Protein chains: 2
Amino acid sequence: MVEKHKKPTLKDVAELSGVSVISASRVMSGGPNISQNLRRKVELAAKSLGYQRNRIAGSLRGQTSDLVSVILPSMSNNVFPNIMDGLSESLQDTPLRLVLGMTQYSNVKEEDILRDMLSWNPAAVVLAGLEHSAETRALLATYDGPIIEVMDTDGEATDIAVGVSQIAAGELIARHFTSRGYRNVGYIGAWGERPVRSRKRRIAFEAELEKLGNPIKAVRICEEASSIMIGAREMERLLAENEHVDAVFFANDDLALGALLYCQREKIAVPQDVAIAGFNGMEMAQMISPCLTTLRTPRFEMGRMAGELLCQRIEGTLARKQSVHELPVTLILGETS
Amino acid sequence: MVEKHKKPTLKDVAELSGVSVISASRVMSGGPNISQNLRRKVELAAKSLGYQRNRIAGSLRGQTSDLVSVILPSMSNNVFPNIMDGLSESLQDTPLRLVLGMTQYSNVKEEDILRDMLSWNPAAVVLAGLEHSAETRALLATYDGPIIEVMDTDGEATDIAVGVSQIAAGELIARHFTSRGYRNVGYIGAWGERPVRSRKRRIAFEAELEKLGNPIKAVRICEEASSIMIGAREMERLLAENEHVDAVFFANDDLALGALLYCQREKIAVPQDVAIAGFNGMEMAQMISPCLTTLRTPRFEMGRMAGELLCQRIEGTLARKQSVHELPVTLILGETS
DNA sequence: AATTAAATTGATAACGTTGTCAATCTTCGT
DNA sequence: ACGAAGATTGACAACGTTATCAATTTAATT
C-alpha cells in the first residue's frame with residue numbers, strides 16, 4: 001500500500017488540454033454544448049492524468065448531491081432487500097447513489113439517521129411506512145426534495161407514498177376465507193403488531209369478517225419478533241384454546257410457515273382441518289409442499305416505482321404535490337386454504 | 001409543500017452566539033477543547049436557528065467523507081442483506097454512512113460503480129469476493145483508504161479480506177459424506193459456477209473426496225441462476241443419469257431445498273436413499289422437516305467484522321498492511337445426511 | 001453580404017466548512 | 001509573583017467544482 005500522489009484536478013486537466021477550467025468541467029460532468037474537438041482534447045488530457053471527478057466539490061457548489069437517502073428498518077427479511085433491488089434497478093442509469101440507514105424499527109434511530117442524512121443534502125429521501133415521530137416529521141418539513149414513503153398507502157403521505165393498502169389486504173383475505181366456507185377464523189400476529197401497518201391489516205380483516213357475518217373467533221398477538229418458530233408456537237397455543245378454528249390468517253409468511261410445520265408435525269390436515277394464509281408472498285413459501293396461500297406484496301415493484309417517481313421529481317417532470325401510488329396486493333392461492 | 005428558506009450556516013450561528021465561525025464549527029462537529037460556556041452559547045444559537053450541518057462542505061475541506069462505499073452483487077438472497085446488517089451494526093455509533101451499489105455480478109458494472117464511488121472520496125470501500133477485473137484493480141490502486149473484500153479468503157487480498165475459506169468448506173463436506181459412509185457422491189451447481197468462489201469450493205470438495213479414496217461420481221452445473229425450482233430439476237436429472245448416487249452436495253441451500261422437495265414428491269427417502277447437503281445455512285432450511293444439513297457461513301459476523309476493521313483502519317489503530325480474516329464455516333448437521 | 005440566432009467558451013466568484021498557525025487565556029509548578 | 005505549559009479561541013485561506021453572466025464563434029436567415 002503505497003502513498004498516493006495528489007489527485008489531479010480540473011485545473012490540471014484544463015492546463016494540459018489548453019481550455020478553461022469550466023470547459024473541462026462541462027466535459028467531465030456531461031454538460032451540453034461542447035464541440036467535438038474540445039471534448040476530445042479534454043478527455044485525452046483527463047485520461048492521461050488519471051483524473052477522477054470530485055463529486056463532493058460539485059455537490060457543494062451545486063447545492064445538492066446525487067445521494068438518495070434510504071432509511072429502512074432492517075435488511076433481515078426479504079421485504080426490504082427486494083425494495084432495495086427495485087430501487088437500485090430504476091436508478092442504475094442515473095448518477096444517483098443509495099445511502100442506507102437502518103433504524104431497527106426505532107423512532108429515535110430514524111430521527112438520528114434522518115438528521116445526519118439531511119446534512120448530506122440528498123437529492124431525495126426514501127422512508128418506510130407512513131407513521132413517524134414528531135421529530136422525524138419536523139426534520140422532513142425542513143427538507144425541500146422528494147420524500148418517498150414505501151410500504152403503505154393507508155394514511156397521510158408526507159409527499160409521495162408507494163405501497164399496498166393494508167386495509168384492502170385484510171379485506172381480501174377475509175373474503176377469501178368466508179367464500180371458502182371457513183366459519184371459525186383466527187389471526188396470529190407478533191412483536192406487538194409493530195410496525196403499525198400490520199395492525200391496520202388485522203383491524204380491516206376483522207371488520208370485513210364482521211361485515212360478512214363471520215366474526216373472528218380467535219386472535220393471538222405475541223410480543224416476540226416474527227419467526228418460523230414463533231409461528232409454530234403460537235399456532236399450537238391458538239389451537240389449544242380454540243379447537244374449532246378452521247382457518248388462520250398470519251401477519252407474515254414466516255409465522256404461517258411455522259404454523260404449517262407445526263400442523264405437519266402434529267398430523268393436523270391442512271387445509272382440511274385448518275387452513276393457513278400468510279402475508280408477503282415469499283418465494284420459499286410458494287415452492288414448498290403444500291405451497292402456502294398468501295397475500296403477495298410487490299416489493300420489487302414498490303422499490304422500482306419509488307425510484308422512478310423520485311427521478312421524475314428531480315427532473316421536474318412530476319408535479320410537486322402529494323401523491324399516493326397504490327400497487328395491488330395479490331391473493332396467491334396455494335394448497336393451505 | 002412550501003418553499004424552504006435559505007438554510008442557516010455556521011456564519012449565522014457564529015453571529016448569533018458571538019463567537020467565531022471556526023469555534024461554532026468545532027462545537028457542531030464535536031471537536032475537542034471547547035469551554036462549556038462557549039459550547040452552550042453555540043448550541044443554543046444553532047437550535048434556535050434550526051442549523052443543520054453541511055457534511056458536503058466539511059468533506060471537501062477535509063479531503064475525505066464519512067461515506068463507506070459498499071459494492072455488492074445483489075440484495076436478492078439472504079447472503080448480502082445479512083452482511084449489510086452486520087456492517088450496519090458495527091458502524092451505527094460512528095458518523096459513517098453506507099453507500100450501496102449493486103453489480104448484478106457484472107464486471108463492467110463493478111467498474112462503473114467503483115469509479116463513481118471513488119469520486120465521493122469515501123472513507124472506505126467494501127467489495128464482494130477476491131476476483132476483480134483489471135480495471136477494477138486499477139481503480140482500487142488509485143485509492144488510499146481501506147479496501148475490505150468480504151466473502152472469500154482463498155486468494156490474494158487487495159487489502160483486507162474477511163470471509164470463509166471455500167476450500168475448507170469443500171473439504172469439510174467431503175469428509176462428512178465419507179465418514180457417513182456415502183460412496184456415490186454427487187454435486188449440483190448452477191449459473192455456470194458464478195461467482196467463481198463456488199467453483200473453488202467444488203474443486204476442493206472433489207479433491208478431498210479423491211484424497212479420501214471416494215472419488216466423485218456425478219457433477220451437474222447448469223447455466224440458469226440458482227433457485228428452488230432449478231434445484232429440484234437438476235436433482236431429477238442427476239438421479240436419472242446416476243441412479244446409484246447416495247449423497248449430493250449443492251452449491252447453495254436454495255438448490256438443496258429444491259432437491260429435497262423433489263425427493264419428497266417422488267417418495268425418495270432422505271437421507272436413507274440419498275443424502276442432501278446445502279451451503280450457506282439459511283434459517284428456513286433449519287426449520288423445515290427434515291431440517292437440512294448445510295454448511296453455515298457467518299454472514300452477519302462477516303459484515304460486522306468488516307465494519308470493525310475498516311473503523312480501526314480509519315482510526316489508525318490497525319496497521320496499513322494486507323490482512324486476511326477467516327471466519328469458520330460450520331457444518332450444521334440436519335436430518336438430510 | 002449583412003444580420004440575427006444559436007452554440008460555444010471563458011471570467012468571476014460562490015458554495016460552507018475546517019486545516020493550520022498564531023494569539024490569548026488559564027492553569028500549574030517553582 | 002513569575003515563567004512555562006496547556007487549553008482555548010480566532011484569523012486566514014484552502015478545498016474543487018460550477019452557477020451565472022458575458023464574450024466570442026458559428027450557423028441560419030434574409
Side-chain angles (χ1 to χ4, degrees), chain A residues 4-43 45-46 49-67 95 116 118-123 144, chain B residues 4-43 45-46 49-67 95 116 118-123 144:
Chain A
K4 303 298 190 293
H5 301 298
K6 177 82 171 76
K7 295 164 73 172
T9 65
L10 280 174
K11 185 167 182 290
D12 304 314
V13 174
E15 281 170 1
L16 186 59
S17 54
V19 303
S20 70
V21 173
I22 182 59
S23 287
S25 174
R26 288 194 184 107
V27 173
M28 301 313 297
S29 64
N33 297 328
I34 310 282
S35 70
Q36 281 213 31
N37 181 41
L38 188 139
R39 180 184 302 276
R40 197 173 48 231
K41 283 195 296 187
V42 169
E43 285 173 346
L49 288 169
Y51 171 74
Q52 282 177 354
R53 287 181 74 188
N54 190 321
R55 301 296 295 277
I56 302 281
S59 300
L60 176 61
R61 181 65 190 86
Q63 294 285 296
T64 189
S65 65
D66 282 329
L67 301 172
D116 189 64
L118 292 180
S119 74
W120 286 100
N121 291 334
D144 199 23
Chain B
K4 302 299 189 289
H5 300 297
K6 178 83 170 74
K7 294 165 72 171
T9 66
L10 280 174
K11 184 168 185 286
D12 305 314
V13 175
E15 280 170 1
L16 186 58
S17 53
V19 302
S20 70
V21 172
I22 182 58
S23 286
S25 173
R26 287 194 186 108
V27 173
M28 300 314 297
S29 64
N33 298 325
I34 310 282
S35 71
Q36 281 212 31
N37 182 41
L38 187 138
R39 180 185 301 278
R40 197 172 48 228
K41 283 196 294 185
V42 170
E43 284 174 345
L49 287 169
Y51 171 75
Q52 283 176 357
R53 286 181 73 189
N54 190 321
R55 302 296 294 277
I56 301 279
S59 300
L60 176 61
R61 182 65 189 86
Q63 296 285 296
T64 189
S65 66
D66 282 329
L67 301 172
D116 189 64
L118 292 180
S119 73
W120 286 102
N121 292 335
D144 198 25

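Computed from a prediction, not measured in an experiment: that's the story for all the values here. Proteins come first, then strands; the chains are lettered A, B, ... in the order of their sequence lines, and each starts at number 1.
A pairwise comparison of heavy atoms in A/Arg39 and A/Gly31 identifies NH2-O, 4.1 Å as the closest pair. Of all non-hydrogen atoms in B/Leu38 and B/Ile34, the two that sit nearest each other are CD2-CG2, 3.8 Å. For B/Thr64 against B/Ala123, the heavy-atom pair with the smallest separation is OG1-CA, 4.1 Å. The heavy-atom pair separating B/Ser65 from B/Pro122 by the smallest distance is OG-CA, 3.6 Å. Nearest approach of B/Trp120 to A/Asp66, heavy atoms of both residues: CH2-N, 3.8 Å.
Whole-Å rounding puts the A/Ile34 CD1 to C/dG10 C1' distance at 12 Å. D/dG16 atom C1' lies 9 Å from atom CD of B/Gln63, rounded to whole Å. Look at CZ on B/Arg55: it is 21 Å from P on D/dC15, rounded to the nearest Å. Atom CD of A/Gln36 is separated from atom P of D/dT26 by 15 Å (rounded to the nearest Å). Rounded to an integer number of Å, the gap from CG of B/Leu10 to C1' of D/dA11 is 16 Å. The distance between atom CG of B/Asn33 and atom C1' of D/dG10, rounded to the nearest whole Å, is 14 Å. Between the P atom of C/dT17 and the NZ atom of B/Lys11 lies a distance of 12 Å, rounded to the nearest Å. Across the protein-nucleic acid pair, A/Trp120 atom CH2 and C/dT17 atom P stand 13 Å apart, rounded to whole Å.
The side chain of A/Leu60 has C/dG16 as its nearest neighbour among C/dT18, D/dT17, C/dG16. Nearest to the side-chain atoms of B/Val21 among the listed nucleotides C/dG16, C/dT18, D/dT8 stands C/dT18. Listed candidates were D/dG10, C/dT18, C/dT8. Nearest to the side chain of A/Ser35 is C/dT8. In the set D/dT17, C/dG10, C/dT18, the nucleotide with an atom closest to the side chain of A/Asn54 is D/dT17.
Both B/Leu38 and A/Ser59 sit near DNA chain D, but only B/Leu38 has its closest nucleotide nearer the 5' end.
At a threshold of 4.0 angstrom between heavy atoms, the contacts of B/Ser25 include nucleobase atoms, whether or not backbone atoms are also involved. At a threshold of 4.0 angstrom between heavy atoms, the contacts of B/Ile56 with the nucleic acid are absent.
Within the 4.0 Å cut-off from OP1 or OP2 of D/dG10, at least one side-chain nitrogen or oxygen of B/Ser20 is found. In this model, the phosphate group of D/dG10 is approached by a side-chain N or O of B/Ser23 to a distance below 4.0 Å at OP1 or OP2. Remark: A/Arg53 is in phosphate contact with D/dT18, judged by side-chain N or O atoms under 4.0 Å from OP1 or OP2.
Scanning atom types as modelled, one donor and one acceptor separated by under 3.5 angstrom connect the side chain of B/Arg26 and the base of D/dG10.
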> Run the side chain to side chain contact (heavy atoms under 4.5 Å, CB included) check on B/Asp116 and A/Arg55 step by step: do they pass?
Replying inline: CA-CA 9 Å; B/Asp116 189 64; A/Arg55 301 296 295 277; 2.7 Å; yes
>> Does A/Asn121 form a side chain to side chain contact (heavy atoms under 4.5 Å, CB included) with B/Lys7? I'd like the steps, not just the answer.
In response: CA-CA 11 Å; A/Asn121 291 334; B/Lys7 294 165 72 171; 2.9 Å; yes
Distances under 3.5 Å only, N/O to N/O: pair up the protein atoms with those of nucleotides 12-14 of chain C.
{"from": "C/dA14", "atom 1": "N3", "to": "A/Arg61", "atom 2": "NE", "distance (Å)": "2.7"}

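With sequence neighbours excluded, no residue satisfies salt bridge (Lys or Arg N to Asp or Glu O under 4.0 Å) with A/Glu43.
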